[in-house]
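Following: one structure in structure tokens, then a few remarks.
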Amino acid sequence: MGAAVPTANAATSTRPWIEVNKATNRLTLHQAGRAIKSYSVATGRSQSLTPEGTFKVVVKFIKPGWKGIAGGLPENPLGERWIGIQVNGDRGRTYGIHGTNQPDSIGTHASSGCVRMRNRDVIDLYNRVPEGTLVKIHDGRQNPAVKTASGQVTITATRANLRSQPSLTATVVEQSGKGNRLTLTGTVGEWYRVKRTHGKTAYVHQSVSRKGGSSLHPPKGKVTVTARLANIRKTPSMSGKVLQRVVRGKQLKATGKKGNWIQIRLSSGQTAFIHQNILR
């Protein structure tokens with residue numbers, strides 16, 4: 001199938017995973033390194049409606065209701081099953097794989113963002129995949145090769161989107177404020193691949209960022225938290241004990257720097273650390 005597996009262990013895992021190709025409107029079920037079932041589906045009416053990236057099944061419903069229409073009724077557009085996927089932190093109620101009362105739409109670009117299946121097919125898929133199943137949605141193009149790079153990327157826009165793939169239609173996994181510096185790990189086309197605070201990678205477009213820039217360098221003064229919720233840790237490590245959690249806009253007193261971590265002094269006088277990628 002030429003599919004890119006969503007995790008390093010997916011090819012050998014016995015757990016199934018789902019691939020949705022928006023270009024061909026095919027949904028393929030993979031398991032143990034091979035495609036075991038393929039279905040025709042309908043995806044978004046426009047390229048941007050169905051999100052791209054790797055998501056997780058977080059909820060499943062039999063005969064889902066829809067806007068006051070009870071499940072199982074002929075006029076219900078969600079059909080016989082709902083397999084909800086988590087996109088941008090939601091609870092799997094916005095985007096999903098579901099049945100339909102418009103079987104003629106299958107194989108076309110017709111939905112408002114969800115992935116439609118024939119009712120008999122979604123029942124079959126529902127019975128095969130548990131919650132936690134990974135769902136990879138892509139636009140049908142092979143992922144371009146990422147060229148290894150190192151250094152830093154500085155955000156130049158007031159607020160820049162970090163995306164799951166090097167595409168303007170890919171899911172926004174995080175936002176970063178102006179002046180933030182991210183660790184550069186690669187380039188692809190007009191995109192930088194950067195490391196996020198928890199070690200996972202994301203992509204930021206060159207129009208809202210630039211390569212280079214010196215590291216955030218207090219060593220004394222105030223820094224401002226740019227993340228919605230940020231951890232202050234006892235040691236300069238993602239595995240360090242969390243001493244406090246602070247919200248966006250909180251100002252902290254910086255006293256030094258260790259690698260990608262800013263050393264701060266708490267009101268108690270204790271020394272702690274916070275990652276530079278979530279500071280201004």
Side-chain angles (χ1 to χ4, degrees), residues 1-45 49-140 164-165 171:
M1 302 295 293
V5 295
T7 68
N9 297 324
T12 57
S13 171
T14 58
R15 291 179 62 86
W17 64 277
I18 294 169
E19 176 193 8
V20 178
N21 185 325
K22 297 188 337 184
T24 60
N25 282 320
R26 300 294 300 184
L27 183 153
T28 304
L29 181 63
H30 299 263
Q31 192 166 14
R34 64 188 183 91
I36 61 173
K37 199 80 184 269
S38 183
Y39 312 85
S40 182
V41 299
T43 55
R45 291 186 299 275
L49 285 174
T50 301
E52 295 172 16
T54 300
F55 314 101
K56 183 182 293 186
V57 173
V58 292
V59 68
K60 296 170 64 181
F61 293 121
I62 295 175
K63 295 185 183 298
W66 185 81
K67 294 185 177 181
I69 302 176
L73 295 180
E75 58 269 33
N76 188 311
L78 300 184
E80 292 295 314
R81 299 290 187 271
W82 173 268
I83 303 171
I85 61 175
Q86 188 174 51
V87 178
N88 290 335
D90 68 9
R91 298 183 301 155
R93 266 74 169 178
T94 304
Y95 295 95
I97 302 167
H98 63 80
T100 184
N101 62 353
Q102 302 178 52
D104 290 345
S105 69
I106 299 302
T108 71
H109 297 97
S111 81
S112 296
C114 289
V115 178
R116 294 181 190 173
M117 303 182 72
R118 295 184 178 89
N119 283 321
R120 66 175 183 270
D121 289 342
V122 78
I123 291 172
D124 181 63
L125 182 67
Y126 185 99
N127 292 334
R128 292 173 180 265
V129 297
E131 290 185 12
T133 298
L134 295 180
V135 179
K136 179 181 174 65
I137 302 175
H138 61 86
D139 64 3
S164 60
Q165 301 290 335
T171 301

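Residue Pro130 comes nearest to Arg15 through the heavy atom pair CG-NH2, 4.2 Å, listed as atom of the first residue, atom of the second, then distance. Residues Pro51 and Gly113 come closest through the heavy atom pair CD-O, 4.1 Å. Contact detail for Leu49 and Arg45: the closest heavy-atom pair is CD1-N, 3.7 Å. The shortest heavy-atom contact between Ser164 and Gly53 is OG-CA, 3.6 Å. Shown here for Ser38 and Arg26, the closest heavy-atom pair between the two residues is OG-NH2, 3.1 Å.
For the residue pair Arg118 and Thr100, no side-chain donor N or O sits within less than 3.5 Å of a side-chain acceptor on the partner.
The closest donor-acceptor contact from the side chain of Asn119 to the backbone of Gly79 lies at 3.5 Å or more, if one exists at all. In this structure a side-chain-to-backbone donor-acceptor pair under 3.5 Å is present from Thr50 to Gly44. In this structure, Trp82 contributes its side chain and Gly92 its backbone to a donor-acceptor pair below 3.5 Å. No donor-acceptor pair under 3.5 Å is formed between the side chain of Asn76 and the backbone N or O of Asn101. Under a 3.5 Å cut-off, the side chain of Asn25 and the backbone N or O of Ala42 do not form any donor-acceptor pair.
Residues Leu29 and Val129 have side chains in contact (heavy-atom distance under 4.5 Å, counting atoms from C-beta outward). Annotation: side chain of Ser105 is not in contact with side chain of Ser111 (no heavy-atom distance under 4.5 Å). Residues Val58 and Glu131 fail the side-chain proximity criterion, which asks for heavy atoms closer than 4.5 Å. Side-chain contact between Tyr39 and Leu125 is present, with at least one heavy-atom pair separated by less than 4.5 Å. At a threshold of 4.5 Å between non-hydrogen side-chain atoms, the residues Glu80 and Ile62 do not count as touching. Within the 4.5 Å cutoff, the side chain of Pro77 has no heavy atoms near those of the His98 side chain. Residues Gln31 and Lys37 are not in side-chain contact: their nearest non-hydrogen atoms beyond the backbone lie 4.5 Å or more apart. Taking 4.5 Å as the limit, every side-chain heavy atom of Arg120 sits out of range of all side-chain heavy atoms of Asp124.
Screening Val87, Val115, Asn88 against Tyr95 for a side chain to side chain contact (heavy atoms under 4.5 Å, CB included) leaves a single residue, Val87.
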Check: Do His138 and Asn21 pass the side-chain contact (heavy atoms from CB on, under 4.5 Å) test, and can you show the C-alpha distance, the side-chain angles, and the key distance before you say yes or no?
Finding: CA-CA 5 Å; His138 61 86; Asn21 185 325; 3.6 Å; yes
Next item on the list: Start with the C-alpha gap between Lys136 and Trp17, add the side-chain angles, then the distance that decides, and say whether side-chain contact (heavy atoms from CB on, under 4.5 Å) holds.
Entry: CA-CA 8 Å; Lys136 179 181 174 65; Trp17 64 277; 4.1 Å; yes
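Atom CD in Glu52 sits 3.5 Å away from atom NZ in Lys22 (nearest 0.5 Å). A distance of 5.5 Å separates CD in Glu75 from CD1 in Ile69, rounded to the nearest 0.5 Å. Between atom CD1 of residue Ile18 and atom CZ of residue Phe55 there is a gap of 12.5 Å, rounded to the nearest 0.5 Å. Rounding to the nearest 0.5 Å places CD of Gln86 at 10.5 Å from CZ of Arg91. Between atom CG of residue Asp121 and atom CD1 of residue Ile97 there is a gap of 12.0 Å, rounded to the nearest 0.5 Å. Taken from OG1 in Thr133 to CD1 in Ile85, the straight-line distance is 12.0 Å, to the nearest 0.5 Å.
The side-chain tip of Lys60 points at the ring of Tyr126 from less than 6.0 angstrom away and within 45° of straight on.
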